[in-house]
Amino acid sequence: MDYQFLKVEQPQEGICLLKISAPKSLNALNSTILREMDDFVGSIDSHTRVLIITGDGEKSFVAGADISEMAHLNEQEGFEFGRLGAQVFRKIEQLPIPVIAAVNGFALGGGCELAMACDIRIASVNAKFGQPEVGLGIIPGFSGTVRLPRLIGQGMAKELIYTGRVIRADEALRIGLVNAVYEREDLVDKAVELAQMMLKNAPLAIQAAKQSINEGYDLTADDAIALENKLFGSCFATADQKEGMAAFLEKHKAAFKGQ
């Protein structure tokens, strides 16, 4: 499918770079972009082992949801718009591969929520994060009230959401919202370097680790441990486990095939 607002690149085999590209609105998310993202996520094939998401241009990752579209929605339409964004971001979160957000500028509202749906967030020094929706008479609608407290704790999440305060990259790093901060011109290269480190490891093992973390997070400790035990055991049915351990014992580099 040809996309109006998405650019898809392949920095190297196994790595896909998705750029959200709506420069006139600083990459703000409208329903068309969300539907294009939904289609893209559903079309990712087995050759892609790591996905990087960033914003096209130098100023913005995603400036938020498109206020010009939201301004005239009624209650039911607002519900449907929020559900669309939440469903797309949930699909991103549930992808079996690692997803890295390379946040290059504004990540406000829906942009912050998109970044939080990714496994790992890295930011440029000029990045800014926030959930300013209450200043517009609404609340975060793409699962911001769900993910932000889980990432940075309830107290800090409530402060950011209730005040609508926008924070810089250094504060986002301090509170644990991002993993690292880099110069703007280095950001995508750093994301690719991180992806390359992941490519060296067994893809099925990474998939199992992601499932264990994501699904185990809201379980009781005993249930989460039981899930991890099950997934740990399942790794021993893979050729990658045999290859990885043989390579370790024989002191050579493993050649994982995702099998």
For this session: Kindly say whether I122 contributes a backbone atom to a donor-acceptor pair with the side chain of N179 at under 3.5 angstrom?
Result: no
Problem set entry | S212 side chain vs A208 backbone, donor-acceptor pair below 3.5 Å | no
Heavy-atom count check: over 12 atoms from other residues, nucleotides or ligands less than 6.0 Å from [X] [atom1]?
| X | atom1 | value |
| --- | --- | --- |
| D2 | CG | no |
| K7 | NZ | no |
| H72 | NE2 | no |
| E185 | CD | yes |
| E75 | CD | no |
| E58 | CD | no |
| F236 | CZ | yes |

Side-chain heavy-atom pair [X], [Y] within 4.5 angstrom cut-off:
| X | Y | value |
| --- | --- | --- |
| V192 | I15 | yes |
| L194 | I120 | yes |
| S31 | L84 | yes |
| V178 | F129 | yes |
| N30 | F81 | no |
| I161 | P140 | yes |
| L108 | F61 | no |
| L17 | V8 | no |

For this session: Assess whether side-chain contact (heavy atoms from CB on, under 4.5 Å) is satisfied between I67 and L136, documenting all intermediate values.
Result: CA-CA 9 Å; I67 297 172; L136 299 171; 3.7 Å; yes
N-O pairing of [X] and [Y] below 4.0 Å:
| X | Y | result |
| --- | --- | --- |
| K210 | D119 | yes |
| E93 | R147 | yes |
| R174 | E171 | yes |

Any chance the side chains of [X] and [Y] put a donor and an acceptor closer than 3.5 Å?
| X | Y | value |
| --- | --- | --- |
| Q211 | Q207 | no |
| Y3 | D39 | yes |
| D222 | T220 | no |
| T54 | N104 | yes |

For this session: Step by step, work out the salt bridge (charged side-chain N to carboxylate O under 4.0 Å, His left out) result for K257 and D240.
Result: CA-CA 7 Å; K257 297 180 179 179; D240 279 353; over 6 Å; no
Problem set entry | Derivation and outcome, side-chain contact (heavy atoms from CB on, under 4.5 Å), residues E193 and Q196 | CA-CA 5 Å; E193 287 178 14; Q196 289 170 335; 4.2 Å; yes
Problem set entry | side-chain contact (heavy atoms from CB on, under 4.5 Å) evaluation trace for M116 with L151 | CA-CA 8 Å; M116 291 190 293; L151 284 169; 3.5 Å; yes
Seminar exercise, completed: All heavy atoms of R121 vs all of L177, minimum pair found to be NE-O, 2.8 Å
For this session: Would you name the heavy atoms of A169 and V181 that are closest together and state the gap between them?
Result: O-CG2, 3.7 Å
Problem set entry | Steps toward side-chain contact (heavy atoms from CB on, under 4.5 Å) verdict (Q131, I139) | CA-CA 8 Å; Q131 298 287 168; I139 68 170; over 6 Å; no
